[in-house]
Structures are given as C-alpha cells and as structure tokens.
Amino acid sequence: LEEMTGVSKASSTKDLRGGAQIRQLFVTKFRPAIASAEIELTDKAIRIAMRNAMGPRQSLFVPEGAFAVLVHRGIESFRPICLECVADTERVLLSVLDNLCGE
C-alpha cells in the first residue's frame with residue numbers, strides 16, 4: 001500500500017513509481033489519446049441511423065435505438081486506447097508486486 005500511495009521508505013527520487021507512475025500514464029498518455037481519438041460521426045451517419053431506427057413508419061420523435069447505435073460505435077473507437085492503458089497499468093502494478101515480494 002505504501003508503494004501505491006507514495007509513502008514507501010524505498011521511494012525513489014529518480015523516477016516515478018507505483019501510484020504516481022499510474023497517474024502519469026493517465027495524464028501523459030491516456031488523456032491525450034482519448035482527446036485525439038477520431039470518432040467517425042458524420043451528419044450522414046446520424047441521418048442513416050435515425051432512419052434505420054424508425055423503420056418503415058414515420059415518427060415525431062427520434063427513436064433512442066439510433067442514439068444507442070451511434071454511442072456504441074463511438075465507445076468501440078476507444079477500445080484499443082483503453083486496452084493499451086489497462087496493459088500499461090498492469091505492467092506498473094506487476095512491478096509494484098515484484099518490488100514488494102523482493103523486500
């Protein structure tokens with residue numbers, strides 16, 4: 001726990017470790033990757049999703065199915081970024097575990 005909170009007596013002053021290293025991953029790598037992710041959401045894609053959700057009937061309101069499809073597509077575009085973040089975080093946690101087992 002000390003390694004993760006930064007109060008370990010074995011803390012380094014030369015590099016980030018534990019919780020600080022995980023935070024650094026989120027700040028320098030994950031946040032910019034999410035911000036720069038390209039979500040292909042054109043006006044045409046929105047219109048098509050709305051028409052497909054309505055089917056053959058006319059509707060005064062847009063069915064929520066259209067939004068569900070578009071949101072699902074947007075979330076899927078974040079999957080590779082999130083999986084990379086999980087792998088990086090796992091690497092840091094395994095490093096912390098190795099340090100704890102070595103003590």
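- A salt bridge is absent between E76 and R73; no separation between the charged side-chain nitrogens and carboxylate oxygens falls under 4.0 Å.
- Put simply, the side chain of R47 reaches to within 4.5 Å of the side chain of D43, judged on heavy atoms.
- Taken to the nearest 0.5 Å, the CD atom of Q21 stands 9.5 Å off from the CG atom of D88.
- The CD1 atom of I81 sits 4.5 Å away from atom CD1 of I34, with the distance rounded to the nearest 0.5 Å.
- Both I46 and F67 are members of a single hydrophobic cluster when ILVMFWY side chains are connected at heavy-atom separations under 4.5 Å.
- Legend: ring pair (Phe, Tyr, Trp, His ring centres under 6.0 Å) pairs involving residues 16-41, not counting sequence neighbours, sorted by first then second residue: F26-F30.
- One finds the CZ atom of R31 at 13.0 Å from the OG atom of S36 (value rounded to the nearest 0.5 Å).
- Every residue was checked against the salt bridge (charged side-chain N to carboxylate O under 4.0 Å, His left out) condition with E90, not counting sequence neighbours, and none meets it.
- Closest non-hydrogen pair, G74 versus S77, comes out as O-OG, 2.5 Å.
- I22 and V86 fall into different hydrophobic clusters, defined by Ile, Leu, Val, Met, Phe, Trp and Tyr side-chain heavy atoms under 4.5 Å apart, directly or through other members.
- Linking Ile, Leu, Val, Met, Phe, Trp and Tyr whenever their side-chain heavy atoms come within less than 4.5 Å leaves V69 and M50 in two separate clusters.
- Hydrophobic clustering keeps V71 apart from I48 (ILVMFWY residues linked when any side-chain heavy atoms are closer than 4.5 Å, directly or through intermediates).
- Few gaps surround CZ on R91; more than 12 heavy atoms of other groups in view lie less than 6.0 Å from it.
- At distances below 3.5 Å, at least one donor-acceptor pair connects side-chain atoms of T89 with backbone N or O atoms of C85.
- Taking each heavy atom of A66 and A53 in turn, the nearest pair found is N-CB, 3.6 Å.
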